[in-house]
Amino acid sequence: TLKTGLETITGHPVHILMAGRTDAGVHADGNVAAADVALPLPVERLPRVLNARLPADLEIVSAGAAAAQFHPRFDAVRRDYVYRIYRAATAPVDRRRYVCVHAEPWLGEAVEAAAAMLAGEHCFISFAKDAREAGRCICRLRPVRHQRH
């Protein structure tokens, strides 16, 4: 959808690099994309012009020039993950795709204690697609925050 929108603006085929994909059933906010395109308008106007061509569930928040070698996935310095647990027997229809329903008693202290064990530097080589990613396997996990709403 993004590719098609950009192609209607540029009039040329566009190749887009994305920061990553989400797993099935997972929603992404703040994803980053890059495309090497010659725009017929100032890059600052791209979000408004492109959003007019996109469905309501896809919005370009900002656009700007990047270094020629920039890759949204490999140059990312941080990713944030939010897991929402809805504390009722069922979630409202507009949230069902974005929350885990858990009506059982909440063991907040146990959750926080388990999450605390995840903080720190860890090697995630077992998740790499191939050995060439081995140099990027060390990740620092920030402390998990448990918020009640």
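Values below: all heavy atoms of this structure, side chains included; hydrogens, waters and symmetry mates excluded. Just so it is clear, the structure is predicted and the values come from calculations on it, not from any experiment.
Side chain of N51 to backbone of I60: a donor-acceptor contact under 3.5 angstrom is found. K3 places no side-chain N or O within donor-acceptor distance of the main-chain N or O of H15, the cut-off being under 3.5 Å.
Cluster annotation: I16 is connected to L54 through the hydrophobic network of ILVMFWY side chains, with a link wherever side-chain heavy atoms come within less than 4.5 Å. In the hydrophobic cluster analysis, where Ile, Leu, Val, Met, Phe, Trp and Tyr join through side-chain heavy atoms closer than 4.5 angstrom, L41 is grouped together with L6. L58 and V37 fall within a single hydrophobic cluster, where Ile, Leu, Val, Met, Phe, Trp and Tyr side chains are chained together by heavy-atom contacts under 4.5 Å.
Interatomic distance, L39 CG to R45 CZ, rounded to the nearest 0.5 Å: 10.5 Å. Summarising the geometry, atom OG1 belonging to T90 is positioned 11.5 Å from atom CZ belonging to R95; distances are rounded to the nearest 0.5 Å.
Below 30°, between 30° and 60°, or above 60°: for F74 and H71 the angle between ring planes is between 30° and 60°, a tilted geometry.
Summarising the geometry of V43 relative to A63, their closest heavy-atom pair is O-CB, 3.7 Å, with the distance given to 0.1 Å. Here the shortest heavy-atom pairing between Q69 and D75 reads O-OD2, 3.7 Å. The nearest pair of heavy atoms linking V32 to P72 is O-CB, 3.5 Å. Considering every non-hydrogen atom in both A119 and P143, the closest pair reads CB-CA, 4.0 Å. Here the closest heavy-atom approach between residue E7 and residue H12 is recorded as CG-O, 3.2 Å. Of all heavy-atom pairs between E104 and R87, the closest is O-NH2, 3.7 Å.
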(Q) Under the criterion side chain to side chain contact (heavy atoms under 4.5 Å, CB included), I'd like the reasoning laid out for I85 against V99: C-alpha separation, chi angles, the key distance, then a yes or no. (A) CA-CA 5 Å; I85 301 169; V99 301; over 6 Å; no
Q. Which is it for F70 and D36 under the side chain to side chain contact (heavy atoms under 4.5 Å, CB included) test, yes or no, and what are the steps along the way?
A. CA-CA 10 Å; F70 174 75; D36 187 8; over 6 Å; no
Q. So Y86 and R84, side chain to side chain contact (heavy atoms under 4.5 Å, CB included) or not? Walk me through it.
A. CA-CA 6 Å; Y86 198 81; R84 292 183 173 93; over 6 Å; no
(Q) What verdict does the side chain to side chain contact (heavy atoms under 4.5 Å, CB included) test give for M18 and N31, after you've listed the backbone C-alpha separation in whole Å, the side-chain angles of each residue and the deciding distance to 0.1 Å? (A) CA-CA 8 Å; M18 297 295 295; N31 209 339; 3.8 Å; yes
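V101 is not listed as a side-chain neighbour of R96, based on a closest heavy-atom distance of 4.5 Å or more.
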